[in-house]
Amino acid sequence: MTKSINMEVNIGELKLKNPIMTASGTYGFGREFEEFMDISKLGGIMVKGLTLKPRKGNKAPRIAETPGGMLNSVGLENPGVEYFVKEELPYLKKKGVTVIANISGNTIEEYCKMAEIINDTDCDAVEMNISCPNVKEGGVAFGTDSDVVYKITKEVRKKLDKPFIVKLSPNVTNIKEIAVSAEKGGADCISLINTLLGMAIDINTRRPILRNNVGGLSGPAIKPVALRMVWQVSQVVNIPIIGMGGIMTAEDIIEFLLAGASAVSVGTANFVDPTITMKMLDKLREYLAKNNISDVNKLVGKIKTY
Ligand SMILES: Cc1cc2nc3c(=O)[nH]c(=O)nc-3n(C[C@H](O)[C@H](O)[C@H](O)COP(=O)(O)O)c2cc1C
């Protein structure tokens with residue numbers, strides 16, 4: 001019975017085997033999870049955030065557990081885009097994985113250069129991170145002003161023939177305005193949310209727990225905020241949305257789809273159980289079968305609002 005259910009999702013020209021991807025920075029380059037699961041069964045892997053040159057990231061401690069979530073200030077530690085293209089991408093493609101490169105830069109020129117490099121590869125899509133709260137320059141600075149969002153999206157778009165996803169920050173006053181600017185700039189898809197800026201303090205040392213003082217909050221604590229933003233954005237843009245933020249169960253995924261996401265990305269949950277995405281996929285199928293829904297796409301945006 002479950003066999004006849006369609007799980008495939010199209011994000012514009014990007015075809016996914018199912019709507020469940022893994023979120024950037026929480027799943028490495030995929031290889032790290034291979035001893036636990038068949039990574040080719042995922043809808044896609046959004047790889048660790050890449051920069052033009054390799055980065056060491058921020059000083060430790062850079063992870064702290066908080067009620068219902070975690071704070072991180074990793075600061076985009078990564079081996080650089082050239083290394084990814086040479087060493088990681090061919091391996092993932094050979095495995096049959098849909099790969100989405102996640103890029104960050106200090107300047108618009110850096111973003112453009114990276115887009116050019118990835119455009120010449122068989123990487124499936126590019127996700128532009130203009131929402132990282134953990135780097136001094138760039139990152140979130142690009143994602144909080146709608147004029148800048150429009151400009152950077154337009155410039156990077158010119159360098160890319162591949163599906164282009166713009167990842168938004170929740171650390172803004174009006175998420176709808178920012179999303180509309182990304183769409184006007186030429187994004188094929190919006191992904192949201194990145195982490196919420198947060199803080200934790202050790203009352204004995206009176207020092208912030210993170211060496212960077214502040215960090216990005218992720219995990220179940222942020223799900224209501226993420227869901228609200230996906231729903232709001234879905235009402236003002238005509239391009240698909242990839243929803244993320246605190247997804248821990250298949251039920252959470254269904255909520256995101258109903259709110260208007262065409263696909264989702266699972267982040268912090270991978271640290272709790274590295275096989276959690278496959279359990280979610282089975283449960284999602286079960287839910288569809290139980291409710292006589294033949295196609296997962298039929299859930300998208302089907303929230304019955306008051
Ligand atoms: C340790 C860690 C590292 C992350 N690194 C990146 C990154 O490099 N690029 C990016 O766009 N998002 C990064 N994120 C944000 C996640 O991709 C995701 O948007 C966010 O964590 C919300 O989803 P979640 O609550 O399921 O984790 C990171 C998150 C965590 C927890």
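The residues of the chain are indexed from 1 along the displayed sequence. From a predicted model like this one, the values you see are computed outputs, not experimental measurements. All ligand and atom numbering here is 1-based and tracks the order in the structure.
Some N or O of Gly219 is nearer than 3.5 Å to an N or O of ligand 1, by distance alone. In terms of N/O distances under 3.5 Å, ligand 1 is not approached by Thr26. Residue-to-ligand polar distances keep Leu76 apart from ligand 1: every N/O pair is separated by 3.5 Å or more. Any N or O atom pair closer than 3.5 Å counts here, and Glu127 shares no such pair with ligand 1. Inclusion of Thr195 in the set of residues having an N or O under 3.5 Å from an N or O of ligand 1 is not warranted.
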Report task. Mind running side chain to side chain donor-acceptor pair (under 3.5 Å) on Thr195 and Ser218 for me, showing each step along the way? Result -> CA-CA 5 Å; Thr195 53; Ser218 63; over 6 Å; no
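Ranking the protein heavy atoms by distance from atom 15 (C) of ligand 1 puts Asn194 OD1, 3.4 Å first. Of the protein's heavy atoms, Asn72 ND2, 3.7 Å lies nearest to atom 29 (C) of ligand 1. Among protein heavy atoms, the minimum distance from atom 8 (O) of ligand 1 is reached at Lys48 NZ, 2.9 Å. If you check which protein heavy atom lies closest to atom 24 (P) of ligand 1, you get Gly246 N, 3.5 Å.
A continuous path of hydrophobic side-chain contacts links Ile39 to Leu16 [ILVMFWY only; heavy atoms under 4.5 Å]. With hydrophobic clusters built from ILVMFWY side chains whose heavy atoms lie under 4.5 angstrom apart, Ile165 shares a cluster with Val172.
Neither the backbone nor the side chain of Met46 comes within contact range of ligand 1; no heavy atom lies under 4.0 Å. Looking at Asn102 against ligand 1, only its side chain comes within 4.0 Å, counting heavy atoms. Under 4.0 angstrom from ligand 1, the non-hydrogen atoms of Ile222 all belong to its side chain.
By the 30° and 60° cut-offs, the orientation of the rings of Tyr111 relative to Phe142 is perpendicular.
A salt bridge between Lys41 and Asp38 is present, with a side-chain N of the basic residue lying under 4.0 Å from a carboxylate O of the acidic one.
The one candidate from Ile190, Val233, Asp188 that meets the side-chain contact (heavy atoms from CB on, under 4.5 Å) condition with Ile239 is Ile190.
Distances from ligand 1 to the non-hydrogen atoms of Asn78 include no value under 4.0 Å.
Residue Ser24 holds the heavy atom nearest to atom 28 (C) of ligand 1 of all those in Ser24, Pro220, Gly57. The nearest non-hydrogen atom to atom 26 (O) of ligand 1, considering only Ser104, Gly216, Gly267, comes from Gly267. Closest to atom 3 (C) of ligand 1 by heavy atom, among Ser265, Ser218, Gly25, is Gly25.
For the residue pair Asp273 and Lys279, the shortest heavy atom distance occurs at OD2-NZ, 2.5 Å. Minimum interatomic distance between Lys48 and Asn78 (heavy atoms only, all atoms of both residues): CG-CB, 4.4 Å.
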